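Owing to the predicted nature of the structure, the values given are computational and were not obtained by experimental measurement. Side chains are part of it too, since the values below use all heavy atoms of this structure and drop only hydrogens, waters and symmetry mates.
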Amino acid sequence: MNNQGTLLWVDDEIELLHAHILFLRNKGYVVDTVSNGTDAVEACRKNIYDLVLLDENMVGMSGLQTLSLLKDTDPNLPVVMVTKSEEEDIMEQAIGSKIADYLIKPVNPNQILLTLKKNLHRRHIESSITTENYRDNFSLLGTQIENADTWSDWIDVYRQLTRWELDLHNSAGELAELLDGQKESAKNGFSRFIKKNYIGWMSEDDNDRPVMNHDIFKKYIFPLLDNSQSVYLIVLDNFRYDQWREISPLLSDYYIAKEQLYYSILPTATHYARNALFSGLPPAQIKKLYPQYWLDEDDDEGKNLYEEDLIRSLFERYRRTCRFSYNKLNDAGDIERFTQQLSGLKQNNLNVAVVNSIDIMSHSRTDSKMMRELVSDESSYRGITRSWFEHSPIFNLFKKLSQETDCTILITTDHGSLQVDRPVKIAADRNTSSNLRYKAGKSLGFNSKDVFCINNPQQAGLPSQGIATQYIFATGTDYFVYQNNFNTFAAFYKNSFQHGGVSMEEMIIPLITLKTKNKI
């Protein structure tokens, strides 16, 4: 029989537990026994144990005293406290000392087996069940991808793919290949869907299009303000749905989260998508109504300098009065200062904060060798996002906001990003945009099979930059490289994280409504 684990059982009446110990040994566990805390500490210093079963009420050194010494010897050693006591104080002390579990005597063998499975075999069991569930759902997901024909279908597909990618992130071999194959099929299907439907969405008479960036204020923020709620809108630049799923457990102690997905406009780039979010207009309308706030691709000035003005113009256009603040948080210092100002921001109906950290991290991955090593794939990209969120001042900001019982917090983004791996040759003049996932200009040279091309920008809600302006968008995991020095630039940007083009990761983005648990 395979060794299921090596256990130490500490109890001053160990001779009465012979039947339990025999049961565990028959299940494949190696079980050592001692009858006091001193011998337990000595045994743990000499041997390696996977888990300790520790009686709390022993003669001489108590279980809690023994627990403290065991944790000094090995802080990561799982200890299950076994006791006759149901006193709350004893339980709290044990939990505060980071026990793995707490069992009340008399215990039966299956209770002990359950706690061993939870603490020693959880990952293996979860992995096995997840693998089995994915295999069972493989054909169903394939059919779902093949039959996806509406924007809501593709949201469902993306949710499912994200779920399985998160659940199977440690898988390799055949299982990883199966999932990669389904993701590739979905990428191709989604690209065809967008090519077929996007221009129709942007026409004024399409009543069946998805919610997009320029709808968010009208559909979600205005109703909250109408109900006299104070709203915090936190825009995490370049924030993907899977990254939300990665950080959401960190917020679960403080908030109840309602999760929705909607679509970013094209290009999935800050200049277009975030300006659309704050103005409530597609880019062509921004340029038409507020030319002083719109900068074309060949303008040298920063493209997002007028976001506060666009928010103000949105309220004016709808004849709404709203006290609001706009805050751009580029680094930890900015986030800390914003957090310190929360008490003064309570007087506002709306407080908007744009957090650029994820976008900066994404771009630094391209430029920094160390970041390329740290963020080598999608899983590590999610992991470093979680690490940033947990250890930066942004987590403290959300903790502070959770103490505000009279506000609603919305988290969203302007667009997502994806890891690119297939260079596509194009030709363009010097005034063409520099983004690797889309190009806007005239006299563009490309293979029509490789791109989503928009020849009439106005039909897609995009501004023209002169006669014969075209927009082309990379699909799948493609990225655009000019013919000059093609191999050099293709190698430099391969596996980098980019945005601007057509993919579920860039276009299907989260809108999260947080209600503090103090309200519930």
NZ on Lys183 to OG on Ser185, rounded to 0.5 Å: 13.0 Å
Polar side chain donor-acceptor pair, Tyr262 to Thr412, under 3.5 angstrom: yes
Taking only residues at least two apart or on different chains, which pairs with a member in residues 232-251 satisfy ring-ring contact (aromatic ring centres under 6.0 Å, His included)? Tyr158-Tyr241
Can you give me the closest heavy-atom contact between Gln470 and Cys453, atom names plus distance? NE2-SG, 3.8 Å
Taking Ser128 for the side chain and His124 for the main chain, is one N or O donor matched with an acceptor at less than 3.5 Å? yes
Could you please spell out the steps behind the side chain to side chain donor-acceptor pair (under 3.5 Å) verdict for Thr385 and Gln243? CA-CA 7 Å; Thr385 302; Gln243 291 172 311; 2.8 Å; yes
Looking at Asp208, is its backbone amide N or carbonyl O close enough to the side chain of Trp151 to form a donor-acceptor pair, meaning the two atoms are under 3.5 Å apart? yes
Looking only at heavy atoms, what is the nearest atom pair of Pro267 and Leu462, with distance? CD-CD2, 3.7 Å
Which atoms form the tightest heavy-atom contact between Ile509 and Glu506, and what is the distance? CG2-O, 3.7 Å
Which residues satisfy the ring-ring contact (aromatic ring centres under 6.0 Å, His included) test with Phe338, sequence neighbours excluded? none
Working to the nearest 0.5 angstrom, can you tell me the gap between Leu436 CG and Tyr482 OH? 8.5 Å
Going by side chain to side chain donor-acceptor pair (under 3.5 Å), name the residues that satisfy it together with Asn396, two or more places apart in sequence or in a different chain. none
dist Cys407:SG -> Gln229:CD (nearest 0.5 Å) comes out at 9.0 Å
Note: Thr513 and Gln260 closest approach over all heavy atoms is OG1-OE1, 4.4 Å
Arg135 with Glu174: basic N within carboxylate O range, under 4.0 Å: yes
Looking at Tyr318, does the NZ or CZ of Lys218 lie under 6.0 angstrom from its six-membered ring centre and within 45 degrees of the ring axis? no
Asp215: salt bridge (Lys or Arg N to Asp or Glu O under 4.0 Å) partners, not counting sequence neighbours: Arg209
Electrostatic pair Asp237-Lys328, nearest N-O below 4.0 angstrom: no
Do the charged groups of Arg245 and Glu165 touch, with an N to O distance under 4.0 Å? no
Charged N to carboxylate O under 4.0 angstrom, Arg422 versus Asp450? yes
Sorted by chain and residue number, the ring-ring contact (aromatic ring centres under 6.0 Å, His included) partners of Tyr438 (sequence neighbours excluded) come out as Tyr272
Salt bridge (Lys or Arg N to Asp or Glu O under 4.0 Å) involving Arg312 - partner list, sequence neighbours excluded: Glu308, Asp309
Output, in order, the C-alpha distance, side-chain angles, deciding distance and verdict of side chain to side chain donor-acceptor pair (under 3.5 Å) for Asn351 and Ser325. CA-CA 5 Å; Asn351 293 293; Ser325 72; 2.6 Å; yes
Go through it in stages, so that I can follow the logic: the residues are Phe473 and Phe480, the test is ring pair (Phe, Tyr, Trp, His ring centres under 6.0 Å), and I'd like the CA-CA distance, side-chain angles, deciding distance and then a yes or no. CA-CA 9 Å; Phe473 303 94; Phe480 296 141; 8.8 Å; no
Tell me which donor-acceptor pairs under 3.5 Å the side chains of residues 137-147 have, and how far apart each pair is, sequence neighbours excluded?
| residue | atom | partner | partner atom | Å |
| --- | --- | --- | --- | --- |
| Asn137 | ND2 | Asn133 | O | 2.7 |
| Thr143 | OG1 | Ser139 | O | 3.0 |
| Asn147 | ND2 | Thr143 | O | 3.4 |

Kindly give the heavy-atom pair with the smallest separation between Gly500 and Leu266, and that separation in Å. O-CD2, 4.4 Å
For Arg386, check salt bridge (Lys or Arg N to Asp or Glu O under 4.0 Å) against everything at least two apart and list the hits. none
Do you know the tightest heavy-atom contact between Ile335 and Ser357? CD1-OG, 4.4 Å
Could I get the full list of salt bridge (Lys or Arg N to Asp or Glu O under 4.0 Å) partners for Glu259, not counting sequence neighbours? Arg159
Thr162 and Asp242 side chains, donor-acceptor separation under 3.5 Å: no
Go through the structure and list residues passing ring-ring contact (aromatic ring centres under 6.0 Å, His included) with Phe389, not counting sequence neighbours. Phe395, Phe398
My understanding is that only one of Asp359, Thr270, Asn213 makes a side-chain hydrogen bond (donor to acceptor under 3.5 Å, both in side chains) with His415; could you say which? Thr270
Sequence-distant partners of Ser464, side-chain contact (heavy atoms from CB on, under 4.5 Å), two or more places apart: Pro457, Gln458, Thr469
Restricting to ring-ring contact (aromatic ring centres under 6.0 Å, His included), what partner residues turn up for Phe497, sequence neighbours left out? Tyr381
Let me see the working for Gln498 and Tyr493 under side chain to side chain donor-acceptor pair (under 3.5 Å), right down to the final yes or no. CA-CA 9 Å; Gln498 302 293 333; Tyr493 288 107; over 6 Å; no
